[in-house]
Amino acid sequence: MIEVRNLVVRYGNRRAINDLTFSISAGECLAVLGGNGAGKSTLLKALSSELPVAGGTIQLEGEELRSWSAASLACRRAVLPQESALSFPFTVGQVIEMGCAPFPRRRHSQALSRATELADIGQFLERKYNTLSGGERQRVQWARVLAQILCGQDKRLLILDEPTSALDPPQASRLMQVVRDLRNDGVAAIVVAHDINLAAQFADRILLLNTGRKVGIGTPREVLTTKNLATTYGMEVNVIDHPEYRSPLVVPAYK
Amino acid sequence: MTRVDSHRLAGLAAAWIVAFAACVMLGALRVPLTDVLGVFDVEVNSLGRAVVLNIRLPRVLLATLVGGSLAVAGASLQSVFRNPLADPALIGVSSGAAVGVVGWIVFGSAVAGVTGATLLQSDWFFPVAAFGGGLIATQIVMTLSRQGPLIDVPTMLLAGIAVNALAGALIGVAIFASDEEQLRTLTMWTLGSLGGATWHVVSIVFLLSIGPLAWLVVQARKLDLILLGEREAGHLGVDVDQLNRRVVVACALLVGASVGFTGLIGFVGLVVPHLLRLVGGPHNRWVIPGSFLLGALTLSVSDLVSRTVVAPAELPIGVVTALFGSPFFLYLIRRSKHGASL
C-alpha cells in the first residue's frame, strides 16, 4: 500500500532520516520504535506530507505521495498527531464529527457511532473539549481520526504518533486492539510507539530506528533482539517470552 | 447547520428587522411607521418621506453592510489565526486601510490635481485606497510569518504589531504634512461616521462586500476544520495555505470597503463573534452568518445612539462602539482569567 525507497528527510541541516527503505501492505500494522531523536516523528511527518522529502520516494498505491490531491488523500489517509491544541470551546461530539468532513453526509452517522463506541467516549459527547483531561483529549482525537477512517471505503492508511502517551494501560491496550481489528477492514497502520512491549504484542512488524537509519525491520521476534535493542537504546536488556501471548517481552537488565 | 442554529439565526434576523425599522423612524425628526411604509409612494410629498428616503434608509443600509462586514471579517480572521482575540485591527488590515485613506486625503489631491473637497466626492477612491493599504499591510505580515508551507501564528501576531506601529508613524507623517482642511477631514474620518451615507455610497459598499461575504459564509465548514489545527485541517482535505490567503484577501476587501467610507470603527469585529460563541457555540456555520446579522444590528443601533443622544449634533460612531465595546472586552479578559474559555 505504501512504499518508501531510499528516503532522506532533512530537519534543518541534519539528515533526520537517512536512506530508509520499507513498505507496508494493506491490512498490516507496523510499529516504529527508537530512542529519542531516532527520527520516528520525522518519518511520520514525511509520510503525512508535513515535511518535504529531500531524497528517495514515498509511493501510496503506486503513485508518488505528492501527486495526490489533499482531498483524495483525506479519503485514504488519517493522521493522529501527538498533541492538538483547540482554543475554541467545541463539544466532543462536534470535534469527532469534523473527522467525517471529507465524506458525503450519508456516511457520517454510522461512522460516528462506531468511532464513539470503539474509542469509548460515549459518556462525554456533550462536554466541552477544553474541559477534558489530557488522556480524555487524546481519546477524543483518536475518535475523530477513527471516524475519518471508518467513513472511507477504499484501502486506507492510519498514521498514529504516540497514540497512547497519555492513556492508562487498559485504554492503551484497548486502542492498540482497535488498530489491530481494523486490519479486517483493509486498514494499514503505522504507529510510533514508546512502549516496546505494547508494540511487540499488537504489531505485525516492527521498524527499529537509530539516528535516522534502519536497525531492523521484521516480526517482533526477529527485530527485538538484545543486540538490536542495545544498538538502539544503548542499554542492556533481556528478551523473554511473554507468559500469556506469543510475543517477546523486553525487560531492562539492571546490573 | 442544526435546527437550533436556524432558529437562532431567524431570531437574529427578526431582531435586525425591528432595529432597522426603529433606526429609520427615530432621530432628530420622528417619522411615524405609516410614513416609513409609504416611502416608495411617489404621490406622497412630505418632509418625513424625504428624510427617510434620502438620509435614513441609505444610512441604516450602510450601517448594516459595514457592521455585518466588520463582524464577518473578525469571525473569519479569528478562525484563520485560531485565536479568539484576532481582529481586523490586530493583523494590520485596518491600520493598513487607514494609511491608504489618510494618504489619499493628504497626498491624493496633489496627485489628482484637485482640491480636498472634490476628493471627498470621488467615492470609489476611498474603498480602493483602503483595500490597497489593507492588502499591502496584510501581505507584509503574511510574508514575514510564513514558515515553510504553513503560517506561524505567533510570528504573524508580532508582525501585526510592527505593521500597526509603522502605520501609526505613516499616519503621523501624513497629519504633519496636511493643511487645515485636510486635518479636519482626517480627524472626522478617524473617529468614524456613517454621516456620509448616500445611495451611491451604499451601492459601492454593497458591490464590494457582497462577494466576499457570500464566499466566507460558504467557507464556514472549512474554517471550523482550521480551528481544529492547521495540520489537522490539511489531513482532512483542506488546502490550508490557499484558504488562509483567500480569507485574508476577502477580509481586506470587506474592511477596505467599510473603513474607506466610515472611518475606523473598532470592537464590532471582536465583540460580535464572541457574543455569538457564548450563546450558540464556536462552529462557524452559526458564527459567520450570525456575525453578519448581529454586526448589522449592533452598528445600526450604535448609529442610532450616536445621532440621537446629543441631537441635533452627532457623536462619532467609533466613539460609541468603543464606549460599549471596550468594557465588554475587559469583561471577557476578566472572565478568561477565571478559567472560562474566551
Side-chain angles (χ1 to χ4, degrees), chain A residues 10-12 44-45 47-52 66 68-103 105 126 128-132 137 140-141 144-145 147-149 151-152 157-161, chain B residues 1-2 4-5 75-86 147-150 153-154 157 219-243 273-274 276-288 332 335-336 339-342:
Chain A
R10 287 182 188 281
Y11 213 89
L44 250 55
K45 282 185 177 153
L47 293 175
S48 316
S49 324
E50 286 172 24
L51 279 178
R66 60 169 181 266
W68 286 75
S69 73
S72 48
L73 267 180
C75 297
R76 293 291 192 111
R77 181 187 71 183
V79 182
L80 178 69
Q82 241 180 67
E83 53 185 347
S84 288
L86 187 58
S87 47
F88 287 77
F90 282 99
T91 63
V92 168
Q94 286 171 327
V95 172
I96 299 170
E97 204 208 335
M98 290 188 204
C100 301
F103 300 92
R105 193 166 286 275
E126 293 304 318
K128 297 267 165 61
Y129 179 83
N130 43 18
T131 63
L132 302 178
R137 287 181 189 197
V140 173
Q141 293 292 348
R144 173 180 68 76
V145 168
Q148 185 181 358
I149 279 291
C151 265
L157 176 67
L158 187 56
I159 297 180
L160 309 173
D161 195 355
Chain B
M1 193 189 301
T2 64
V4 182
D5 291 337
S76 310
L77 289 173
Q78 284 155 22
S79 299
V80 166
F81 287 99
R82 297 191 295 119
N83 185 330
L85 298 180
Q147 288 188 353
L150 296 177
V153 173
L157 296 176
Q219 301 305 314
R221 179 75 172 154
K222 285 187 183 169
L223 288 170
D224 276 350
L225 300 181
I226 296 261
L227 288 180
L228 197 60
E230 291 190 341
R231 279 190 306 168
E232 287 79 354
H235 294 315
L236 288 165
V238 179
D239 186 336
V240 175
D241 203 35
Q242 187 191 61
L243 184 69
H274 264 301
L276 293 166
R277 288 193 195 100
L278 284 178
V279 172
H283 54 295
N284 280 311
R285 277 168 296 171
W286 147 251
V287 173
I288 290 184
L332 284 176
R335 194 171 167 273
S336 71
S341 63
L342 275 167

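Note on naming: letters A, B, ... go to the chains in the order of the sequence lines (proteins, then strands), and numbering restarts at 1 for each one.
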Quick one: closest heavy-atom pair of [X] and [Y], and the distance?
| X | Y | answer |
| --- | --- | --- |
| G99(A) | L236(B) | O-CD2, 3.7 Å |
| A74(A) | G237(B) | CB-N, 3.4 Å |
| M98(A) | D224(B) | SD-O, 3.8 Å |
| Q148(A) | H235(B) | NE2-O, 3.1 Å |
| F88(A) | P282(B) | CB-CB, 3.9 Å |

Answer whether the closest heavy-atom distance between the side chains of R144(A) and L228(B) falls below 4.5 Å. yes

What part of S48(A) is in contact with chain B, defined as an atom under 4.5 angstrom from a non-hydrogen atom: side chain, backbone, both or neither?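 Both parts, backbone and side chain.
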
If you count the non-hydrogen atoms of other residues, nucleotides and ligands that lie under 6.0 Å from CZ in R221(B), is the total more than 12?
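Yes, CZ of R221(B) has more than 12 neighbouring heavy atoms, counting only those of other groups under 6.0 Å.
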
Ranked by heavy-atom pairs below 4.5 Å to chain B, first place among S69(A), P102(A), A71(A) goes to P102(A)

- Would you find a donor on one side and an acceptor on the other, under 3.5 Å apart, between the side chain of Q94(A) and the backbone of G281(B)? no

